[in-house]
Amino acid sequence: MIKPDAVENGYIGAILEKITAAGFKIVAMKYTQLSRRDAGEFYAIHKERPFFGELVDFMTRGPIVAAILEKDNAVDDFRALIGATNPADAAEGTIRKLYAASIGENAIHGSDSDENAAIEGAFHFSGREIF
Ligand code: CMP
């Protein structure tokens, strides 16, 4: 997902360019906005964290871009491309280093495992039989 901060700041094009230049194929993509229920469901694993309310507020405040990407070793390669969760810790040239402002508003989300990629892909693109 390209998150609301990056969409607001006009970075959709630049981020997609980095993703495709890194060899990812865009299998599905949509511009949409999450409801509070959607965001709560997507981030249910963080429900007990102190930042959960802030995360839901942020993720619902404007449009996002959701995409399913394909590549060999996609999960690890995408996490390397986007950089550390906290942009202050992200490597030079990573998407979060370039386009994110804080740990809470960190421009982009990537799945942390193939299993979660399947769950998160189905969340955004229910009905697609691509897995
Ligand atoms: P993401 O990779 O989408 O997964 C969970 C999100 O929670 C994370 O990116 C951040 O946007 C957010 N998050 C993680 N830690 C914190 C924190 N300490 N304070 C605020 N938001 C956080």
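First listed ligand is number 1; within each ligand, the first listed atom is number 1.
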>> Among all protein heavy atoms in this structure, tell me which lies nearest to atom 10 (C) of ligand 1, with the distance rounded to 0.1 Å.
In response: Ile103 O, 3.2 Å

>> For Phe52 and Tyr43, I'd like to know if the aromatic rings sit close, meaning centre-to-centre distance below 6.0 Å.
In response: no

>> Heavy-atom pairs closer than 4.0 Å: do any link ligand 1 to the side chain of Leu55, the backbone, both, or neither?
In response: side chain

>> So, taking the atom named OG1 in Thr60 and the one named CG in Leu55, what distance separates them when rounded to the nearest 0.5 Å?
In response: 9.5 Å

> Within a radius of less than 6.0 Å around CG of Asp72, do more than 12 heavy atoms belonging to other residues, nucleotides or ligands occur?
Replying inline: no

>> Show the atoms of ligand 1 that are less than 4.0 angstrom away from any heavy atom in His46.
In response: 5 (C)

> Once the angle between the rings of Phe42 and His124 is folded into 0 to 90°, is it parallel (under 30°), tilted (30 to 60°) or perpendicular (over 60°)?
Replying inline: tilted

> Sub-3.5 Å donor-acceptor pair from the side chain of Glu105 to the main-chain atoms of Phe58, do we have one?
Replying inline: no

> Relative to the heavy atoms of Asn106, which atoms of ligand 1 are at a distance of less than 4.0 Å?
Replying inline: 8 (C), 9 (O), 10 (C), 11 (O)

> At a 4.0 Å threshold, what atoms of ligand 1 neighbour a non-hydrogen atom of Tyr43?
Replying inline: 1 (P), 3 (O), 4 (O), 5 (C)

>> I'd like the name of whichever of Ala84, Gly104, Ala100, Gly110 reaches closest to atom 21 (N) of ligand 1 through any heavy atom.
In response: Gly104

> Counting distance only, does the side-chain N/O of Asn106 pair as donor-acceptor with the main-chain N or O of Thr85 below 3.5 Å?
Replying inline: yes

>> Check this for me: Lys47, atom NZ, are more than 12 non-hydrogen atoms of other residues, nucleotides or ligands nearer than 6.0 Å?
In response: no

> Heavy atom under 4.0 Å from ligand 1: found in Phe58's side chain, backbone, both, or neither?
Replying inline: neither

> At a non-hydrogen distance cut-off of under 4.0 Å, which region of Arg96 contacts ligand 1 (side chain, backbone, both, or neither)?
Replying inline: side chain

> What do we get for Glu54 next to ligand 1 when only non-hydrogen atoms under 4.0 Å count, side chain, backbone, both or neither?
Replying inline: side chain

>> I'd like to know if the side chain of Asn9 reaches the main chain of Tyr11, judged simply by a donor and an acceptor atom lying under 3.5 Å from each other, with no hydrogens or angles considered.
In response: no

> Nearest protein heavy-atom contact for atom 7 (O) of ligand 1: which residue, which atom, what distance?
Replying inline: Phe51 CE1, 3.5 Å

> At a non-hydrogen distance cut-off of under 4.0 Å, which region of Glu105 contacts ligand 1 (side chain, backbone, both, or neither)?
Replying inline: neither

>> Just to be sure I'm reading this right: ignoring hydrogens, which of Lys3, Arg49, His109 gets closest to atom 9 (O) of ligand 1? Compare them by their nearest heavy atoms.
In response: Lys3

